[in-house]
Amino acid sequence: MVINREFVDSYAREVFKPGAVLVSYGMRGGGKTHCAVSFCQRLMEGYFRGTPRHVVLITNVIFVRKTEEGGFSTEAPPGVHMVRRMEEIFPIIVDALERHGRKDTLVILLLDEAQNFLLGDDNSKTEMASSMKKFCGIIRKFNLLLWLISPAMRNLGPAFRNYLDADSDPGNVNCTFRKDVPAARRYVMSKGMIMDPRSIVYARAGAKEPVCMLPVPTSPWTRDPESISPGEYVYDNLSSADFDVGDFPFREFVQFISGRSSYELAGAVREFYASLGEKSEERPEVDIEAAVKRREMEIAMRCLEAGMTVAKTAEVLGKHPNTISNWRKKANAGLRGLF
C-alpha cells in the first residue's frame, strides 16, 4: 500500500487537535484499541508532521511492562497515565501544561469500552453521561482531545455519536474511525496486496466529509506481550477497561474554574483539589473487578428491561449470550451481588 505521507500528515493535523472528540467503532477483535494506541504512540513520537510537539496520553487502557524475571507488571510507558476515575485526570493535565506550556501541547484522553458508561439514548439519565457532556464543553480549555472507543456507534448517546456539523441533532463528534475488516480485506484482495486488513481504518472528519481510508501506523505498544523484551511496554488487550465519575463533584469543579483566564486555570485546579483534600476522609479499597462485573450486569439488565434481546445485549457488552441469561436469572432471584 503506497502511503501518501503529505495527505496523512495533513489529515492528522486536522483531526488530532485540542477540543476534538473522536470515536472509534467496529466489530470486536477488529483492532479498534490497537488502532487508537498506535496513533497515540506515533503522535507522542512526532511521527506526523505539524502535529503538537508535546503529546501526553491519559487512558483507561491497561498497559504492562515485562519484568526481568519474564513476568508482567501493570505499568504505563513514559508519558502515559492510566486512570479509572474522573478526579485523576485534571492534576495530570495541569502538570503537563505547566511542564510544556499551552502553545504546542496536546493531552489525549483515550477511553476504551465507552458503551459501559455512555450507553445509548439512556445516557442523558446518568450522572456519568451528564458530566461527560459538560466535560466536552471545557476540554478545549485544557488542550484536551477526547477519544472514545465502542463496538457500535448506536451504543453511545446522540451527544457522543453525532457529528458536530450534523444538520439535525448535532453532537460533539469531530471525527470517527471505523474498523471494518471485511471491507478492508476486500480492498486488499482487489489490489493484490500482501498486508493485514486490520492495518486499514476508515476515517470521516465530519457529517459532510467523505470517508477516507488511512493506514494504521505500526506501534511497539501493540505487540504480543510474549514477544517483547524485559523493560518494554505493551497494552493488555485482554484486560477490562473501566472509567467512572465516582464521587468527584464535577459540576462544582466546572463552576469553580469558570470565568477565569487561561493563565489562572492551573492555579484554580490546584486550589479546588486542595479544598477536596481538606474535606475528604480516607477511602476504603475498592474491588475493581467486582465493580466492573456489577456495572456490566446493571447495564445488561437495563438493556433487557428496555426490550433488547439476550443476543443483542450480549453483542453490545461483548459477552456470551449464556452469560447474559445467567445474569438475568440472578437478577430475577435477587442475587445481583453474587459474583
Side-chain angles (χ1 to χ4, degrees), residues 1-22 24 31-66 72-83 89 92-112 139 142-149 174-175 177 179 195-196 198-201 203 205 212-225 227-237 241:
M1 183 178 182
V2 179
I3 299 175
N4 184 336
R5 278 302 305 272
E6 185 176 348
F7 171 78
V8 172
D9 290 343
S10 174
Y11 207 88
R13 287 194 297 271
E14 179 64 26
V15 169
F16 300 112
K17 58 187 179 183
V21 176
L22 315 181
S24 289
K32 298 182 297 300
T33 308
H34 178 288
C35 173
V37 169
S38 296
F39 271 105
C40 287
Q41 181 178 10
R42 292 313 187 190
L43 283 163
M44 295 174 73
E45 295 173 342
Y47 177 80
F48 304 104
R49 289 186 292 268
T51 53
R53 180 182 176 187
H54 304 290
V55 179
V56 175
L57 176 59
I58 304 173
T59 183
N60 66 345
V61 174
I62 304 300
F63 282 83
V64 294
R65 177 179 179 272
K66 195 163 190 177
F72 295 92
S73 61
T74 302
E75 185 180 338
V80 178
H81 305 267
M82 293 185 292
V83 299
I89 294 174
I92 298 172
I93 296 173
V94 167
D95 286 344
L97 295 181
E98 288 184 336
R99 185 180 307 115
H100 303 302
R102 302 181 63 92
K103 187 175 181 181
D104 204 13
T105 299
L106 174 66
V107 181
I108 300 174
L109 176 58
L110 176 66
L111 297 179
D112 201 359
I139 59 176
F142 293 97
N143 283 45
L144 188 72
L145 177 153
L146 175 62
W147 194 337
L148 303 173
I149 304 176
N174 297 82
C175 184
F177 291 86
K179 292 293 294 176
M195 64 180 297
D196 189 339
R198 291 176 298 180
S199 64
I200 294 175
V201 65
C212 296
M213 190 168 56
L214 297 178
V216 178
T218 57
S219 165
W221 292 348
T222 61
R223 290 174 294 171
D224 180 352
S227 70
I228 66 174
S229 301
E232 294 185 315
Y233 302 87
V234 291
Y235 89 94
D236 184 359
N237 67 331

side-chain hydrogen bond (donor to acceptor under 3.5 Å, both in side chains) between W221 and S38, intermediate numbers included: CA-CA 7 Å; W221 292 348; S38 296; over 6 Å; no
Nearest heavy-atom pair of [X] and [Y]: which atoms, and what distance?
| X | Y | result |
| --- | --- | --- |
| A36 | I149 | CB-CD1, 3.9 Å |
| G79 | M44 | O-CE, 3.4 Å |
| Y47 | D9 | O-OD1, 4.3 Å |
| R42 | P217 | CG-CB, 3.6 Å |
| N174 | G19 | OD1-O, 4.1 Å |
| L106 | P18 | CD1-N, 3.6 Å |

Separation between [atom1] of [X] and [atom2] of [Y], rounded to the nearest 0.5 Å:
| X | Y | atom1 | atom2 | value |
| --- | --- | --- | --- | --- |
| T59 | M82 | OG1 | CE | 9.0 Å |
| L214 | S199 | CG | OG | 11.5 Å |
| N143 | H100 | CG | NE2 | 11.5 Å |
| K17 | L22 | NZ | CG | 10.5 Å |
| F16 | T51 | CZ | OG1 | 9.0 Å |
| D236 | F72 | CG | CZ | 9.0 Å |

Could you tell me whether the side chain of [X] and the main chain of [Y] form a donor-acceptor pair under 3.5 Å?
| X | Y | answer |
| --- | --- | --- |
| K179 | R198 | yes |
| T105 | G101 | yes |
| K66 | I228 | yes |
| E232 | S229 | yes |

What do the steps show when you test L110 against L57 for side-chain contact (heavy atoms from CB on, under 4.5 Å), and what is the final call? CA-CA 7 Å; L110 176 66; L57 176 59; 3.9 Å; yes
Side-chain touch [X]/[Y], heavy atoms, less than 4.5 angstrom:
| X | Y | answer |
| --- | --- | --- |
| L146 | L111 | yes |
| Y233 | V80 | no |
| L145 | V107 | no |

Heavy atoms of other groups near E14 CD, more than 12 under 6.0 Å: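 It does not: E14 CD has 12 such atoms or fewer within range.
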Does CZ belonging to R65 count more than 12 external heavy atoms closer than 6.0 Å?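 Enclosed: over 12 neighbouring heavy atoms sit under 6.0 Å from CZ of R65.
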salt_bridge(D104, R53) N-O dist < 4.0 Å: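 Answer for the salt bridge query: no.
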Scan side-chain atoms only and decide if D112 and T33 contain a donor-acceptor pair under the 3.5 Å cut-off.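 Yes, because at least one side-chain N or O of D112 sits under 3.5 Å from a partner of the opposite role on T33.
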Starting from the C-alpha separation in whole Å, work towards a yes-or-no answer on side-chain contact (heavy atoms from CB on, under 4.5 Å) for V234 and V64. CA-CA 6 Å; V234 291; V64 294; 3.7 Å; yes
Measure from NZ or CZ of R223 to the centre of the six-membered ring of Y235, then state whether that distance is under 6.0 Å and the direction lies within 45° of the axis.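 The answer is no, since R223 fails at least one limit relative to Y235.
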List the steps and the verdict of side-chain contact (heavy atoms from CB on, under 4.5 Å) for C212 and F7. CA-CA 10 Å; C212 296; F7 171 78; 3.9 Å; yes
Aromatic ring proximity, centroids under 6.0 angstrom, Y11 and F48: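 So the answer is no for these two rings.
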Yes or no on side-chain contact (heavy atoms from CB on, under 4.5 Å) for F63 and E75, after CA distance, side-chain angles and deciding distance? CA-CA 6 Å; F63 282 83; E75 185 180 338; over 6 Å; no
